[in-house]
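This report refers to the structure that appears directly beneath it.
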2 protein chains.
Amino acid sequence: MNLVGDILRGYTDMLLLAVLEERDSYGYQVNQLLQEKTDGAFSLTEATLYTSFKRLEKQDCIVSYWLETKNQKKRKYYSITSNGKKLLKEKKKEWEEAKALIEQVLQKNHQ
Amino acid sequence: MNLVGDILRGYTDMLLLAVLEERDSYGYQVNQLLQEKTDGAFSLTEATLYTSFKRLEKQDCIVSYWLETKNQKKRKYYSITSNGKKLLKEKKKEWEEAKALIEQVLQKNHQ
DNA sequence: TTGTTATACCTAATCTGTCAATGTATAAAA
DNA sequence: TTTTATACATTGACAGATTAGGTATAACAA
């Protein structure tokens with residue numbers, strides 16, 4: 001959350017789910033993907049990232065499994081569940097609504 | 001903040017400043033204006049509203065003065081300062097950036 | 001007349017997501 | 001051999017938002 005500070009609060013879970021919807025990923029990779037998608041402009045702090053994973057796993061929105069690379073490096077992969085897809089859908093809708101509200105308020109009255 | 005929950009967190013100050021940029025208003029009226037602008041979909045809880053006013057006043061982004069109506073009702077009006085206009089401009093820019101980032105992440109890769 | 005609704009202000013305690021700081025561990029590169 | 005990148009994770013502090021409470025007046029309905 002290095003660039004935009006507190007202003008993205010509440011959207012973290014949605015962003016993680018959006019990344020995981022494309023493919024299973026592990027924490028470090030999720031951040032890399034977020035950076036790729038935003039041309040390096042955005043990534044999460046590790047604390048926020050893993051806290052979010054914990055939260056989502058507790059809600060049965062993601063599940064995790066360990067995989068080992070050739071060179072014995074362990075990675076914890078996360079996979080989105082049907083519950084997670086449902087939440088993502090809801091959060092996207094909420095996002096669209098919130099976006100619309102903000103735009104409506106920012107638009108000036110010309111009467 | 002009744003409809004969209006935590007998802008608008010961090011934008012409260014921007015929204016208040018946007019309303020006050022159009023005209024001086026008092027707390028209760030600000031909420032009415034927010035509701036008008038969003039077709040009844042959005043308003044702030046009073047606690048959030050007055051906390052935000054306090055915060056903005058401390059940062060010299062708004063100033064306040066009391067006015068009385070004919071029927072002795074006292075209203076505390078808020079007026080945006082040059083500092084507030086500057087902050088609003090910054091927050092709008094941040095909002096555009098945050099919006100772009102989110103859209104970039106939500107967009108799927110089609111390759 | 002009494003109760004309710006709308007108007008109008010405000011604060012304290014609590015909740016929750018984010019961040020800074022810290023920790024562990026391995027592999028690769030300088 | 002030290003630094004950088006990779007990879008996981010937790011703790012304490014911070015700050016914005018909500019819940020719940022408070023005061024007070026005016027208008028309206030029962």
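Any value given below was found using the heavy atoms of this structure, including those in side chains, with hydrogens, waters and symmetry copies removed.
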Any A:Thr12 side-chain N or O less than 4.0 Å from OP1/OP2 of C:dT18: yes
Look at the aromatic rings of A:Phe53 and A:Tyr78 and report parallel, tilted or perpendicular, splitting at 30° and 60°. parallel
In whole Å, what is the span from the OH atom of A:Tyr65 to the C1' atom of D:dA7? 16 Å
Between A:Thr45 and C:dT18, is there a contact of a side-chain N or O with OP1 or OP2 at under 4.0 Å? no
I need the NZ-P distance between B:Lys54 and D:dA15, as an integer number of Å. 17 Å
May I ask you to say whether B:Lys91 pairs ionically with B:Asp13, meaning some side-chain N is under 4.0 Å from a carboxylate O? no
If I take atom CD in residue A:Glu68 and atom P in nucleotide C:dA27, what distance separates them, rounded to the nearest angstrom? 10 Å
Atom pair SG (A:Cys61) and CG (A:Leu20), whose distance is rounded to the nearest 0.5 Å: 11.0 Å
A:Leu44 CG to C:dC19 C1': how many Å, rounded? 11 Å
I'd like a table of atom pairs between the protein and nucleotides 6-8 of chain C - only N or O on both sides, under 3.5 Å - with the distance next to each one.
unit_1	atom_1	unit_2	atom_2	d
C:dT7	OP2	B:Tyr28	OH	2.6
C:dT7	O5'	B:Tyr28	OH	3.1
C:dA8	OP1	B:Arg75	NE	2.6
C:dA8	OP1	B:Arg75	NH2	2.3
C:dA8	OP2	B:Tyr26	OH	2.9

What is the distance, to the nearest angstrom, from the CG atom on B:Leu67 to the P atom on D:dT25? 19 Å
side-chain contact (heavy atoms from CB on, under 4.5 Å), paired with B:Tyr11, selected from A:Val105, A:Leu101, A:Leu106, A:Ile102: A:Ile102
Taking atom P of C:dC15 as reference, at what distance in whole Å does atom CZ of B:Arg9 sit? 15 Å
To the nearest 0.5 Å, how far apart are CD in A:Glu90 and NZ in A:Lys93? 8.5 Å
For the side chain of A:Trp66, counting heavy atoms from C-beta on, which of C:dC10, D:dA9, C:dG17 is nearest? D:dA9
Nearest nucleotide by nearest heavy atom, which residue falls closer to the 5' end of DNA chain D, B:Arg55 or A:Thr51? A:Thr51
Separation of atom CG in A:Leu34 from atom C1' in C:dT18, rounded to whole Å: 15 Å
Measure from CG on B:Leu49 to P on D:dT18 and round the result to the nearest Å. 11 Å
Please report the interatomic distance OG1(B:Thr81) to CD(B:Glu57), rounded to the nearest 0.5 Å. 10.0 Å
Does any part of the side chain of A:Lys99, heavy atoms only, come nearer than 4.5 Å to the side chain of B:Trp95, both counted from C-beta? yes
